[in-house]
Amino acid sequence: MRSNKDGITQAVLAVGVVIKESIYGYHVNRKVPFLKITMALPRLIAPAKRLLETGVVNVPSYGSRAYQPYESNIDFEIRFMVDTGIVGCSWIELPPKKYQVRSKDNAPSPISRCQIEVDVAWDSFISYPPEGEWAKVAPFRILSFDIECAGRKGIFPEPEKDPVIQIANMVIRQGEKDPFIRNVFTLNSCAPIVGSQVLSYMKENQMLEKWADFVREVDPDIITGYNIQNFDITYLINRAKTLNVKPFPFLGRVINRASVIKNSMIQSKQMGRRENKFINTEGRIQFDLLLVLLRDYKLRSYTLNAVSFHFLQEQKEDVQHSIITDLQNGNEQTRRRLAVYCLKDAMLPLRLLDKLMCIINYMEMARVTGVPLSYLLSRGQQIKVVSQLLRKAKEHDLVIPVHNPEQGDDFTGATVIEPVKGYYKDPIATLDFSSLYPSIMIAHNLCYTTLLPNQTRNQMNPDEFIKTPSDNYFVKKSVRKGILPEILENLLSARKRAKEDLKKETDPLRKKVLDGRQLALKISANSVYGFTGAQVGKLPCLEISQSVTAFGRMMIEKTKTLVEEKYNIANGYAQNAKVIYGDTDSVMVNFGIPFPPSGDHVEALKQVMELGKVAAEYVSGHFTSPIKLEFEKVYFPYLLINKKRYAGLYYTKPETHDKMDCKGIETVRRDNCPLVANLINMCLQKILIERDPSGAVEYAKQIISDLLCSRVDISQLVITKELTKTDDEYSAKQAHVELAHRMKKRDPGSAPNLGDRVPYVIIAASKGTAAYLKSEDPIFVLENNIPIDTQYYLENQISKPLLRIFEPILGEDKAKSCLLKGDHTRTKTVVMSKVGALAAFTKKRATCIGCKALLDNEKNPICKHCKPREPEFYQNEMVQLNALEEKFARLWTQCQRCQGSLHEDVLCTSRDCPIFYMRKKVQKDLADQEKVISRFGIPSW
DNA sequence: GTCTTATCCTAA
DNA sequence: TTAGTTAGGATAAGAC
């Protein structure tokens, strides 16, 4: 044995025989004996498994053969919770006399920071399912905090060198509205702040020590903040180590367990790849809001500022590292300024958690799937299915084999019906299969336990099993009901129940809980199919997943045929119905009810909705229960651009539309600039809602003209793309990758990392330069006044998306001639960049302020010919200067208002705020204009 | 020029 | 030690 720090004298505690059955495949002669091996510690399981697998162990009376391991790869927490029937975030009761309170009399010293310490046997407590009274949520204490560091100029703070100068904290009880503690720890003095406690320390190590004391005193159940896991907590622990603050890292509830930082790489198809730190804080859950948002929301930017604006319609100051240092080195007022900012950053995560109902939704997910809360942020989708599968398997004496993952061939997925592209002025009905994949699995009893191997099939009666469209075989429900269908039925019926309860419930908090629950149930049901198809997973079964998709393909085809064969003139209907599009579980039907000339949309919509409902019912009748086709909505009008790309007005009632629905087009994609997204959105609104295509064309022309004359704000031109691989893994050159690489050279600390989204703009360069050479950091562009390649934005960003939405309406030729030709496409001359890689090719020469002619004598403001009109030109420039000054003052005040004080300088440099870009641009223009004016000052001819 | 490939992001 | 699925459009780079 290599090490034995736990002092284990006996690794194997017990070996027994249990009668079980493998979950995988249908076996006629059900249960067989299994060896159940009990190990002393979780970490001894893997080596024991390896020994048995390789067949080197001689088990008395069973011999030394190679054993197939089962359930040796189950996480310890999951194992314990499954065995004791605990689900995440639920209540347990320690019955009287079953536990013993630890006190001075019977225990040498406490091992935890808990108020009460007891000993209880693992199987002598009661676990309550979270129903009724036990669905209540405990009043958790939640600590939200934010730190500020004093970095050096242009370098991202490093804990080995740069001090922590402030730590702001907010503590709230779950369910309450306001924090009951608001404070800020500051290094050096800080002027008082109304409503917050200010705790100032002259020494950094003292501040850190006191903060750790504070955390232990507050004793939070949940620790939150923004990017705390990968930044704040990590920084504090490393900083405390640098300063040798010994008691600092004991932040959890186990007294002698120090918090340690571990690096881990989390990668999934859903979330991409990202480097994460893991810090143990026993008894306290780290619930980093950034990680929640990355999982649950697709956003263009994930800075706290962008997120606050998106969800709370509120900006926050974004202060650069170098400025933070200046504020710290100022006086107690400038430090107060910083503290106010820091407090806000501690408060915002709490407000966002509340607004997005993260805690409740995550708790419900933990309850529904049975996993601990912390797993939901640190692990993937699979563990949730495994947890449910294990619980169900236990009921039926089934065991799950250990599967060695290997990549195999892909299987065929869903059908996308070839779209009949075009602009539909007639109402289009949409019919959907609700919960298609779960329904298929239930209807056809698809499960691990019902999968019929070929040999077994030969012994079976043909009416005892089915053959799926992908030629796989499963036994019927009458022979044996699968446990996946059972799990799914439970999830779907629980969801129905939650939705019904939600309707009846009046208490707002319970309403939130129920809504979170129905959402969790829906997501869980839908992820079971994905689990069976995950080849690099715990228990893939392609027979199930490919049967599911094959049934789905068959069903969508059949639906199309059924609708078109019934709803036609031959059968006495007014028109021939046509399925114009469909994807996976839906069909879009044009029943041919025309756009009424009278303008009475309501009547036409009523007719289509009625037809849709009847047709859905008719089609449902052709499929096995619980498969059901439902009428969902009508699109009117409907613009079908391509597969997975369309837009339309969404009606669920005949009177008014619910929303404008856009799928797959630029308005919902994050990899184009806001200019394009907003332009397309506006045009679609004008076309679909106002039904004014010519108005849309005019609008588009105006925007194009604005762009070419540089009247468009730079924030509108920022494109963002995710860095999905490391530098050397990329084989093709790309704009955002190249830029990230260049930024790493400028300042490695603040450059984008793996998994981050990289914002960039395309700058002007000589003709034919590849786009990946023209990408640049928007802030850098702004600070150095680098010209934008407006032609690129017209040709490579705007034009194609615009043509795609206008062509079906105007026709190909007309769309092109209207939009991309004419006066509005005239460009203002683009100047070459004065900095960066291309600066070498430009030579700066002064021009005449009057006529822009090159000057012989560069010291003069104007040329000889313009000389007589010098006062006039001077006047003009002064007018412009005044205009710019006024504009700058206006933007400045706006920013002051945002930061909440009209008496202080604006420090914000938020890359997500359009005002910031404008303010910065005007500031630059102002400086340039002042330079121009100054040229008048020294006439010398 | 055209065609293929890599990449991103979305639909369901 | 960990990772839900396939279909598919759009774009830019790079081969030819």
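Naming convention: chains lettered A, B, ... in sequence-line order (proteins, then strands); numbering from 1 in each chain.
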Are [X] and [N] close enough that a side-chain N or O sits under 4.0 Å from OP1 or OP2?
| X | N | result |
| --- | --- | --- |
| Lys643(A) | dG8(C) | yes |
| Arg379(A) | dT1(C) | no |
| Asn642(A) | dG8(C) | no |
| Tyr792(A) | dA12(C) | yes |
| Asn796(A) | dA12(C) | yes |

At 4.0 Å (heavy atoms only), tell me whether [X] reaches a base, stays on the sugar-phosphate, or touches nothing.
| X | answer |
| --- | --- |
| Lys644(A) | base |
| Ser545(A) | nothing |
| Thr724(A) | sugar-phosphate |
| Arg669(A) | base |
| Arg553(A) | nothing |
| Val416(A) | sugar-phosphate |
| Val668(A) | sugar-phosphate |
| Gly530(A) | base |
| Arg804(A) | sugar-phosphate |
| Lys384(A) | nothing |
| Phe433(A) | nothing |
| Asp75(A) | sugar-phosphate |
| Ser264(A) | nothing |

I need the [atom1]-[atom2] distance between [X] and [N], as an integer number of Å.
| X | N | atom1 | atom2 | answer |
| --- | --- | --- | --- | --- |
| Ile798(A) | dA10(C) | CD1 | P | 17 Å |
| Arg645(A) | dG8(C) | CZ | C1' | 9 Å |
| Arg50(A) | dT1(C) | CZ | C1' | 12 Å |
| Tyr581(A) | dG9(C) | OH | C1' | 10 Å |
| Ile383(A) | dG4(C) | CD1 | P | 10 Å |
| Leu484(A) | dT5(C) | CG | C1' | 15 Å |
| Asp583(A) | dG9(C) | CG | P | 11 Å |
| Gln797(A) | dA10(C) | CD | C1' | 11 Å |

Residue matched to dT1(C) through Watson-Crick or wobble contacts both under 3.5 angstrom:
none
Determine which nucleotide pairs with dG9(C), using a 3.5 Å limit on both distances of a Watson-Crick or G-U wobble pair.
dC8(B)
Side chain of [X], backbone of [Y]: donor and acceptor closer than 3.5 Å?
| X | Y | value |
| --- | --- | --- |
| Ser547(A) | Pro469(A) | no |
| Thr549(A) | Thr412(A) | yes |
| Ser72(A) | Pro69(A) | no |
| Ser470(A) | Ala550(A) | no |

Can you say whether the rings of Tyr646(A) and Tyr581(A) are parallel (under 30°), tilted (30 to 60°) or perpendicular (over 60°)?
perpendicular
By nearest-nucleotide position on DNA chain C, the 5'-leaning member of Lys721(A) and Phe411(A) is Phe411(A)
Please identify the 5'-most and 3'-most nucleotides of DNA chain B with any atom under 4.0 angstrom from a heavy atom of chain A.
dA6(B) to dA12(B)
Side chain of Ala534(A) only, heavy atoms from C-beta on: which candidate in dT11(C), dG4(C), dA7(C) is closest?
dG4(C)
Measure from the side-chain heavy atoms of Pro405(A) and tell me the nearest of dA3(C), dG14(C), dA10(C).
dA3(C)
Shortest non-hydrogen contact between Leu707(A) and Thr790(A), atoms and distance:
O-CG2, 3.2 Å
So which of Glu738(A), His736(A), Arg742(A) actually passes side chain to side chain donor-acceptor pair (under 3.5 Å) with Ser775(A)?
Arg742(A)
Atom P, compared across dA12(B) and dG4(C): separation rounded to whole Å
22 Å
Lys558(A) charged N/C atom sitting above Phe623(A) aromatic ring, 6.0 Å / 45°
yes
Would one find more than 12 heavy atoms of other residues, nucleotides or ligands at under 6.0 Å from atom CD of Gln407(A)?
yes
Looking only at side chains, do Asn263(A) and Lys277(A) share a donor and an acceptor under 3.5 Å apart?
yes
